[in-house]
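Values reported hereafter were calculated over all heavy atoms of this structure, with side chains retained and with hydrogens, waters and symmetry mates removed.
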Amino acid sequence: MEYPLVTTAWLEANLFESNLVLLDASMESVVGKEPILYDEFVCIPRAQKFDLEKVFYDSTSTQLHAMPTPEQFANEATALGIDRDSLVVVYDNQGIYSAPRAWWMFKLMGHANVYVLDGGLPQWLSESRMTSETYQIPVLDEAREAYRVDYQPSFICDANQVLERLGGNSAILDARAAARFSGEASEPRPGVRSGHIPGSVNLPFADLLRGHRIKPVEELEQIFESLLGDMEAERIFSCGSGITACILILASVAAGHDKAVLYDGSWADWGTNPDLPIE
């Protein structure tokens with residue numbers, strides 16, 4: 001995969017390109033960091049809301065924040081005026097928090113031309129770039145084809161698939177804070193055990209950020225090498241519920257690794273199943 005982020009300067013220069021679709025994937029619930037709060041709503045011009053909590057998720061699943069089915073994604077992407085030729089840029093209002101989740105969702109659905117805005121809305125605002133007080137309403141063209149999904153099942157896995165890989169060649173990285181990973185801090189969700197998946201490695205997502213932005217490639221490479229050595233095997237990424245694990249995936253891809261898999265249920269799924277082992 002190519003480098004997965006674009007800069008604020010690039011976005012401003014290309015903001016009004018006809019095939020560009022700008023999506024705000026901000027979430028109301030922010031876990032694992034002190035949320036950035038806003039006195040009033042603001043967004044980047046041309047942005048449309050990409051709702052991870054109420055629209056782009058599988059409402060039939062028992063998992064928290066489960067990825068939508070290909071059919072659900074296709075229907076909702078079509079409603080936003082997105083097609084296979086769209087150049088999609090995703091951002092969120094926390095810097096880099098939930099936008100990587102939307103980016104990986106597009107990758108899962110086979111959309112190659114998708115990027116995360118490095119630094120998101122906070123970086124954009126810090127540079128005094130143009131803003132809007134309202135989202136753009138999707139402009140639907142009746143002649144436009146419905147979105148066609150090219151689903152990539154190898155980009156995602158469930159608890160059984162993680163269990164099968166324990167003790168194998170796959171590396172499992174957990175994006176939660178160190179105290180949650182070690183079990184010293186209780187989980188924020190009721191009924192979820194403390195601890196981590198056996199053999200997994202802790203990499204708190206905040207360690208990959210500098211300010212609002214992702215760290216430079218050279219530093220990302222050093223971080224992953226220090227944890228995994230020169231390991232080029234498959235990397236499975238987990239977190240609390242499948243959101244911040246995607247920050248690790250973003251950083252891993254930015255550092256040049258191309259074998260990323262999201263454990264979508266993450267610890268909210270693993271930690272509630274007494275039949276699954278923990279450390």
Side-chain angles (χ1 to χ4, degrees), residues 4-17 20-57 64-65 68 76-77 79-82 87-106 114-139 175-177 180 188-189 204-215 239-251 254 268:
L5 298 103
V6 297
T7 65
T8 50
W10 181 93
L11 179 59
E12 186 174 58
N14 293 274
L15 189 58
F16 297 99
E17 291 294 322
L20 185 137
V21 176
L22 181 62
L23 302 174
D24 182 343
S26 303
M27 297 179 68
E28 292 183 9
S29 175
V30 176
V31 178
K33 70 180 292 289
E34 187 69 27
I36 300 173
L37 303 177
Y38 295 81
D39 294 331
E40 55 188 18
F41 177 81
V42 63
C43 66
I44 300 175
R46 292 198 67 197
Q48 299 182 68
K49 183 176 179 60
F50 190 85
D51 196 334
L52 291 168
E53 294 167 293
K54 299 177 182 177
V55 177
F56 283 90
Y57 80 111
L64 187 63
H65 303 138
E76 299 299 342
L80 290 178
I82 303 171
L87 168 57
V88 178
V89 176
V90 192
Y91 74 91
D92 64 65
N93 64 7
Q94 298 298 307
I96 293 181
Y97 180 73
S98 51
R101 169 74 176 191
W103 162 78
W104 195 244
M105 187 181 295
F106 273 94
V114 57
Y115 304 89
V116 171
L117 177 63
D118 196 7
L121 183 62
Q123 188 69 28
W124 185 272
L125 294 177
S126 73
E127 296 163 352
S128 300
R129 300 185 189 273
M130 65 186 87
T131 60
S132 174
E133 297 177 352
T134 59
Y135 287 128
Q136 175 175 290
I137 299 174
V139 179
R176 292 176 299 157
R180 289 175 62 189
R189 300 176 179 90
F205 71 86
D207 291 356
L208 301 170
L209 306 176
R210 177 176 296 161
H212 304 307
R213 303 179 63 188
I214 200 92
K215 286 182 175 178
C239 60
S241 65
I243 302 298
T244 60
C246 297
I247 301 175
L248 270 59
I249 296 178
L250 182 76

Would you say that [X] contacts [Y] through its side chain, given a criterion of any heavy-atom pair below 4.5 Å between the two side chains?
X: Phe205; Y: Leu248; value: yes
X: Met105; Y: Pro68; value: yes
X: Gln123; Y: Asp118; value: no
X: Leu52; Y: Tyr57; value: no
X: Val88; Y: Tyr115; value: no
X: Leu23; Y: Val89; value: no
X: Trp124; Y: Glu12; value: yes
X: Leu121; Y: Asp92; value: no

Would you give the length of the straight line joining atom [atom1] of [X] to atom [atom2] of [Y], rounded to the nearest 0.5 angstrom?
X: His65; Y: Glu53; atom1: NE2; atom2: CD; value: 5.5 Å
X: Leu250; Y: Leu208; atom1: CG; atom2: CG; value: 9.0 Å
X: Leu125; Y: Met130; atom1: CG; atom2: CE; value: 12.5 Å
X: Thr8; Y: Glu127; atom1: OG1; atom2: CD; value: 3.5 Å
X: Tyr97; Y: Lys33; atom1: OH; atom2: NZ; value: 8.0 Å
X: Lys215; Y: Ile96; atom1: NZ; atom2: CD1; value: 12.0 Å

- Message: Just to verify, which of Leu80, Asp24, Leu22, Val21 counts as forming a side chain to side chain contact (heavy atoms under 4.5 Å, CB included) with Phe50?
- Response: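 Single pass found, and it is Leu80.
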- Message: Consider side chain to side chain contact (heavy atoms under 4.5 Å, CB included). Of Thr134, Thr131, Asn93, which one does Val42 pass it with?
- Response: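 Result for side chain to side chain contact (heavy atoms under 4.5 Å, CB included) with Val42: Thr131.
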- Message: If you apply the rule side chain to side chain contact (heavy atoms under 4.5 Å, CB included), what do you find for Arg189 with Ser241, and how did you get there?
- Response: CA-CA 10 Å; Arg189 300 176 179 90; Ser241 65; 3.3 Å; yes
- By side chain to side chain contact (heavy atoms under 4.5 Å, CB included) - contacts of Gln136 (at least two apart):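 Counting only residues at least two positions away or on another chain, Gln136 forms a side chain to side chain contact (heavy atoms under 4.5 Å, CB included) with Arg46, Gln48.
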What pair of heavy atoms forms the shortest contact from [X] to [Y], and how long is it?
X: Pro122; Y: Tyr38; answer: CG-OH, 3.6 Å
X: Arg180; Y: Gly240; answer: NH2-CA, 3.9 Å
X: Ala254; Y: Pro4; answer: CA-CD, 3.7 Å
X: Tyr91; Y: Ala47; answer: OH-CB, 3.5 Å

Hey, is the main chain of [Y] close enough, under 3.5 Å, to the side chain of [X] for a donor-acceptor pair?
X: Thr244; Y: Ile247; result: no
X: Ser98; Y: Ala25; result: yes
X: Asn14; Y: Glu17; result: no

- Task: Determine, step by step, whether Cys246 and Trp103 satisfy the side chain to side chain contact (heavy atoms under 4.5 Å, CB included) criterion, reporting the C-alpha distance in whole Å, the side-chain angles of both residues, the deciding distance to 0.1 Å, and the verdict.
- Result: CA-CA 8 Å; Cys246 297; Trp103 162 78; 5.5 Å; no
